Asker: 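First, the structure itself, so that you have it in front of you.
In this chain, residues are counted from 1 in sequence order. Please read all numbers here as calculations on a predicted model, not as lab measurements.
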Amino acid sequence: MPPSFTVASRPVGLEHPPLVIAEIGINHEGSLETACEMVDAAKRAGAEIVKHQTHVVEDEMIAAARSVVPGNASEGIYDIMARCALTEKEEVELKRYAESAGLLFISTPFSRAAANRLERMGVEAYKVGSGECNNYPLLRHIASLGKPMILSTGMNTIATVRPAVALMREANVPFALLHTTSVYPTPHKLVRLGAMVELAEAFPDAVVGLSDHTQDNYSCLGAVALGASILERHFTDRMDRPGPDIEVSMDESAMRDLIIGSRAIALCRGGTKDSPIEEQVTKDFAFASVVTIAPIEAGQAFSRENIWVKRPGTGEIHAASFEDVLGKTATRDVESGVALRVEDVAGGVDLAKVPLELRR
C-alpha cells in the first residue's frame, strides 16, 4: 500500500484525491479582515484546507534580519514579517473563522514560540517551510508535538533532507515531503518535477507533493501525473492585493481549476496496458473480422480475391487470423459479404495464434 496519513479526517495519499493547500500565508498584510476575505474566496473555490504562516518575530529573527531583503521584496525580512504577523488572538479568530466555513486550518511555524502557539490552538498538522528543512532543532521540536508534518524541501538535496526524515521517523509522526523551488516566481525550467520523483524513490514511506511558486497551474498538474498527493500554492482573493507573494499566488478561479484538474488527472494515474471491459462495445465495431468478398463454393481455396478483412469485429475469425485462412478450402458454399466461421474452414483456424486480448 502507498504511504498515507490523515489531517483531521481527511486522508492524504495516492489512493485519495490530491489535497490542494491554499496558502494565505502573509498575503493579508497583517489584516485579519483581509485574511477572512481570503478564507471566503478559498471556500467558494472549493478548498478543503487553508494554510497560514505563524510569525512570532522576536523568537524568529534577530535585528540583523532588517538588512536582509528577499528577492521578491524591497524591504528587509524582519520588517515584512513584523508588519504581516497576526497576534495570537487574531490567529485564533482566523482559525475559528476558517473552521466555521468548514475548512481545515493549518499553519507554518517559523519559530519555537510559533509552534507552541499553534499547539495551544489545537492545529491538526504542521506545514514546515523549506527554510526549516535543515533547521533540525526546530524540526525536532515540532516533531515532538506528535502531529503530521508536511515538509517543503526547497534549497535542499536528498542528502540534507535525510536527517529531517530521520528525526520525523524517530518521532513516529506521519510526514509528507514537498518538492519546492525557492525562487519567486519560479520559471518552468527550474521546477524540476524529476526531483519530486527522486524524493519518492529515496523516501518510500513519505507522501510526496509539490509546493509551487510558478505563476500558473501547469507544474502542479504535471506533478499529479507523476504521483503528487499534495499541491500547495499561495492564495489570494484578488491579484491586485499588495504583498511580496501575490505574484506567485493563485486566485479563486485558478484554485477552482487546480482542484478540478488535479482530481481529474489523479483518476488518470496508474493502470496497465490491458483492455478494460468498457472497451468491448468499441471493439465490436472498430475491429475487423475475416469476411467473404465473393461467393465461395465448397472445396474452393480461400484467396485474397474471395476473402478480406472488414468491420465489424463480431465475426468468429479475427482479422489477425487472415493469413492462417489463406490457402485453406471451404467446407461449404458461402455467399459473399458474410463473416467466415471457423467451421467454414477445412482444418479449422488456430485461434490460439491470436492474442487473447484480441479475441471476442
Side-chain angles (χ1 to χ4, degrees), residues 21 23-35 38 51-91 94 106-118 126-142 149-157 159-161 163-164 167 178-187 189-192 195 211-215 232-236 238-250:
I21 298 175
E23 182 181 356
I24 293 171
I26 60 169
N27 279 345
H28 51 68
E29 287 279 297
S31 167
L32 175 61
E33 180 181 357
T34 300
M38 291 178 178
K51 190 190 81 67
H52 192 230
Q53 291 183 12
T54 303
H55 295 280
V56 182
V57 182
E58 63 275 12
D59 196 53
E60 181 180 330
M61 293 178 262
I62 60 174
R66 295 183 186 275
S67 62
V68 179
V69 180
N72 60 336
S74 58
E75 60 182 316
I77 189 65
Y78 190 105
D79 294 325
I80 292 172
M81 296 312 172
R83 183 182 73 251
C84 295
L86 295 184
T87 66
E88 182 167 353
K89 181 179 179 181
E90 289 172 327
E91 193 164 19
L94 179 61
I106 63 173
S107 188
T108 298
F110 286 85
S111 66
R112 182 169 49 182
N116 292 342
R117 173 196 290 186
L118 291 171
Y126 291 97
K127 168 67 204 311
V128 183
S130 292
E132 283 62 57
C133 183
N134 54 28
N135 184 346
Y136 307 130
L138 181 56
L139 276 181
R140 187 169 286 106
H141 178 71
I142 296 170
M149 295 174 64
I150 302 171
L151 175 64
S152 283
T153 61
M155 305 173 288
N156 280 268
T157 66
T160 60
V161 171
L167 69 84
L178 305 187
H179 169 56
T180 315
T181 302
S182 299
V183 176
Y184 309 85
T186 303
K189 66 181 180 180
L190 292 182
V191 171
R192 302 163 298 132
S211 180
D212 183 41
H213 299 120
T214 64
Q215 294 176 296
E232 179 185 62
R233 286 193 66 197
H234 287 270
F235 178 79
T236 180
R238 300 200 325 260
M239 295 302 294
D240 62 352
R241 294 275 192 192
D245 292 330
I246 295 296
E247 67 173 332
V248 296
S249 295
M250 56 181 172

Asker: Using side chain to side chain contact (heavy atoms under 4.5 Å, CB included), reason through Thr34 and Glu29 one step at a time and then give a plain yes or no.
Answerer: CA-CA 8 Å; Thr34 300; Glu29 287 279 297; over 6 Å; no
Asker: Restricting to side chain to side chain donor-acceptor pair (under 3.5 Å), what partner residues turn up for Thr153, sequence neighbours left out?
Answerer: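 Per chain and number, Thr153 pairs via side chain to side chain donor-acceptor pair (under 3.5 Å) with no residue.
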Asker: Determine, stepwise, if the pair Ile150 / Lys51 fulfils side chain to side chain contact (heavy atoms under 4.5 Å, CB included).
Answerer: CA-CA 11 Å; Ile150 302 171; Lys51 190 190 81 67; over 6 Å; no
Asker: Could you tell me which non-hydrogen atom of Gly154 sits nearest to which non-hydrogen atom of Ser182, and how far apart they are?
Answerer: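 That closest heavy-atom pairing would be CA-OG, 3.7 Å.
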Asker: Sequence neighbours left out, what passes salt bridge (Lys or Arg N to Asp or Glu O under 4.0 Å) with Glu247? Give chain and number order.
Answerer: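 Expected list: none.
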Asker: The criterion is side-chain contact (heavy atoms from CB on, under 4.5 Å); which residues satisfy it with Asn116, sequence neighbours excluded?
Answerer: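 Partners of Asn116 under the side-chain contact (heavy atoms from CB on, under 4.5 Å) test: Arg112, Arg120, His141.
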Asker: If you take all heavy atoms of Tyr126 and Ala115, which pair is closest and at what distance?
Answerer: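 For Tyr126 and Ala115, the tightest heavy-atom pair comes out as OH-O, 3.7 Å.
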Asker: How about Ser107 and Thr54: does a side-chain donor come under 3.5 Å of a side-chain acceptor?
Answerer: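 Yes, a side-chain donor-acceptor pair sits under 3.5 Å.
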Asker: Compare every heavy atom of Asp59 with every heavy atom of Ala113, then report the nearest pair and how far apart it is.
Answerer: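 Result for this residue pair: N-OD2, 2.8 Å.
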Asker: Show me the pairs that pass salt bridge (charged side-chain N to carboxylate O under 4.0 Å, His left out) and involve residues 66-81, at least two apart or across chains.
Answerer: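 Listed by first then second residue: Arg66-Asp79, Glu75-Arg83.
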Asker: With heavy-atom distances below 4.5 Å as the criterion, would you say the side chains of Ser130 and His179 are in contact?
Answerer: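 No - every pair of side-chain heavy atoms lies 4.5 Å or more apart.
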Asker: Using modelled atom types only, decide if a donor and an acceptor are shared between the side chain of Thr236 and the backbone of Met239 within a distance under 3.5 Å.
Answerer: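 Checked: no pair found.
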Asker: Ala164: which residues meet the side-chain contact (heavy atoms from CB on, under 4.5 Å) condition with it, sequence neighbours left out?
Answerer: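 Partners of Ala164 under the side-chain contact (heavy atoms from CB on, under 4.5 Å) test: Tyr136, Leu139, Leu151.
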Asker: Who passes side-chain contact (heavy atoms from CB on, under 4.5 Å) against Glu58, sequence neighbours left out?
Answerer: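 side-chain contact (heavy atoms from CB on, under 4.5 Å) check on Glu58 returns Val56.
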Asker: So how far is it from Asp245 CG to Ile24 CD1, rounded to the nearest 0.5 Å?
Answerer: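 Rounded to the nearest 0.5 Å, the CG-CD1 separation comes out at 12.5 Å.
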Asker: Got a sec, which residues hit side chain to side chain donor-acceptor pair (under 3.5 Å) with Arg238, two or more places apart in sequence or on another chain?
Answerer: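 Arg238: side chain to side chain donor-acceptor pair (under 3.5 Å) contacts with Asp240.
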Asker: So do Pro163 and Asn134 actually touch side chain to side chain, heavy atoms under 4.5 Å?
Answerer: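 Side-chain contact under 4.5 Å: no.
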Asker: Answer yes or no: is there a donor N or O on one side and an acceptor on the other, between the side chain of Asn72 and the main chain of Pro185, under 3.5 Å?
Answerer: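 Looks like no, no N/O pair under 3.5 Å.
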Asker: Checking His213 now: which residues fulfil ring pair (Phe, Tyr, Trp, His ring centres under 6.0 Å) with it, not counting sequence neighbours?
Answerer: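 Per chain and number, His213 pairs via ring pair (Phe, Tyr, Trp, His ring centres under 6.0 Å) with Tyr184, His234.
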Asker: Would a 4.5 Å heavy-atom cut-off, applied to side chains only, mark Tyr78 and Val57 as touching?
Answerer: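 Heavy-atom side-chain distance check passes, below 4.5 Å.
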Asker: May I ask you to decide whether Lys127 forms a salt bridge with Glu23, counting only side-chain N to carboxylate O separations under 4.0 Å?
Answerer: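 Glu23 and Lys127: not salt-bridged.
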Asker: For Arg241, what residues pass the side chain to side chain donor-acceptor pair (under 3.5 Å) criterion, not counting sequence neighbours?
Answerer: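 Arg241: side chain to side chain donor-acceptor pair (under 3.5 Å) contacts with Glu37, Asp237.
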Asker: If you look at every heavy atom in Thr108 and Gly129, which pair is closest and at what distance?
Answerer: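 Taking Thr108 first and Gly129 second, the nearest heavy atoms are CG2-N, 3.6 Å.
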Asker: If I take atom CG from residue Leu118 and atom CD from residue Glu91, how far apart are they, to the nearest 0.5 angstrom?
Answerer: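 With rounding to 0.5 Å, CG (Leu118) is 5.5 Å from CD (Glu91).
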Asker: Would you give the length of the straight line joining atom CZ of Arg233 to atom CE of Met250, rounded to the nearest 0.5 angstrom?
Answerer: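 Between atom CZ of Arg233 and atom CE of Met250 there are 6.0 Å.
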Asker: Could you verify whether a donor N or O on one side chain and an acceptor N or O on the other, from Ser211 and Glu232, lie under 3.5 Å apart?
Answerer: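 Indeed, the side chains of Ser211 and Glu232 share at least one donor-acceptor pair under 3.5 Å.
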Asker: Could you work out, with side chain to side chain donor-acceptor pair (under 3.5 Å) as the rule, every residue matching His28, not counting sequence neighbours?
Answerer: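 Expected list: His52.
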Asker: What's the shortest heavy-atom distance between Glu90 and Leu32, and which atoms?
Answerer: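 Looking at all heavy atoms of both residues, the shortest contact is O-CD1, 3.5 Å.
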Asker: How close do Ala73 and Ile80 get, counting heavy atoms only, and between which atoms?
Answerer: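 Smallest heavy-atom distance, with atoms named: CB-CD1, 3.5 Å.
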Asker: Taking only residues two or more places apart in sequence, or in another chain, which ones meet Glu132 in a side-chain contact (heavy atoms from CB on, under 4.5 Å)?
Answerer: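 Expected list: Phe110, Val128, Asn135, Leu138.
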Asker: Mind checking the OG1-CG spacing from Thr186 to Asp212? Nearest 0.5 Å is all I need.
Answerer: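 The distance works out to 6.5 Å.
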